[in-house]
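Below: one structure, written as structure tokens.
In this chain, numbering begins with 1 at the start of the sequence shown.
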Amino acid sequence: MRFKDKLLKYSHDGEFPQKAGVYILVNEKNNKVYIGCSRNVRARIAAHRSLLLSRRHYSEELQQAFDKDILSVKVLAVIPHANQQLLREAERLLIQAAPHLFPSGLINKKLVNYSNYKN
């Protein structure tokens, strides 16, 4: 796969599963990641792309990476038949493990919410 094919701007919706899962958006320049989850990965990635193309994304850091053609997307896990609670738990665990898995850092702003998570 060529580098440009991985970029969110040039990806095609059909490349992503219409199933529940966890995905990351990666700033290819500094390797910082945004971790997300959805009951329909394809629809969620399409929603990110739509917001970014219209320059209305809530994350300024993701918007800047997208505009510079350095934002790629990867599906980390497909979790068939997952409910929202299971997906949020998977996302939370990845965010907590992020310093070990993604040492360059996170883009997520949700970290504050997860740091107070009670089991």
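For the pair Q85 and R88, the minimum side-chain heavy-atom distance is 4.5 Å or more. The shortest side-chain heavy-atom distance between S11 and V73 falls under the 4.5 Å cut-off. Between I24 and L94 the shortest side-chain heavy-atom distance does not fall below 4.5 Å. Looking at heavy atoms from C-beta onward, L25 lies out of side-chain contact with V33 at the 4.5 angstrom threshold.
At least one donor-acceptor pair under 3.5 Å links the side chain of N108 to the backbone N or O of I35. Judged by distance alone, with hydrogens and angles left aside, the side-chain atoms of S50 form no donor-acceptor pair with the main-chain N or O of A46 at under 3.5 Å. Although no hydrogens or angles enter the test, the distance criterion places no donor-acceptor pair under 3.5 Å between the side chain of E61 and the main chain of I107.
The shortest heavy-atom contact between V41 and V75 is CG1-CG2, 3.9 Å. Annotation for V22 and A90: closest pair CG2-CB, 4.0 Å, computed over non-hydrogen atoms.
Judged as a salt bridge (Lys or Arg N to Asp or Glu O under 4.0 Å), the pairs with a partner in residues 46-55 (not counting sequence neighbours) are, in order, D13-R49, R55-D67. Contacts classified as ring-ring contact (aromatic ring centres under 6.0 Å, His included) and involving residues 47-103 (residues at least two apart or in different chains) are given here: Y23-H48, Y34-H48, H48-H57.
In this model, a donor atom of one side chain and an acceptor atom of the other lie less than 3.5 Å apart for Q64 and E60.
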Problem set entry | CA sep, side-chain torsions, deciding dist, call: E28, K74, salt bridge (charged side-chain N to carboxylate O under 4.0 Å, His left out) | CA-CA 12 Å; E28 294 290 340; K74 297 174 178 74; 3.5 Å; yes
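One distance of note links OG of S38 with CD of Q18; it measures 11.0 Å at 0.5 Å rounding.
With sequence neighbours excluded, the residues satisfying side-chain contact (heavy atoms from CB on, under 4.5 Å) with A82 are A20, I79, L86, L87. Residues meeting the salt bridge (charged side-chain N to carboxylate O under 4.0 Å, His left out) test with K68, sequence neighbours left out: none. When the side chain to side chain donor-acceptor pair (under 3.5 Å) test is applied to Q84, no partner is found at least two apart in sequence or on another chain. Judged as a side chain to side chain donor-acceptor pair (under 3.5 Å), and not counting sequence neighbours, the contacts of K9 are D69. For R44, the salt bridge (charged side-chain N to carboxylate O under 4.0 Å, His left out) criterion is met by no residue, not counting sequence neighbours.
Counting non-hydrogen atoms of other residues, nucleotides and ligands closer than 6.0 Å to NZ of K29 gives a total of 12 or fewer.
Checked against I70 for a side chain to side chain contact (heavy atoms under 4.5 Å, CB included), the options L8, N27, V26 give a single hit: N27.
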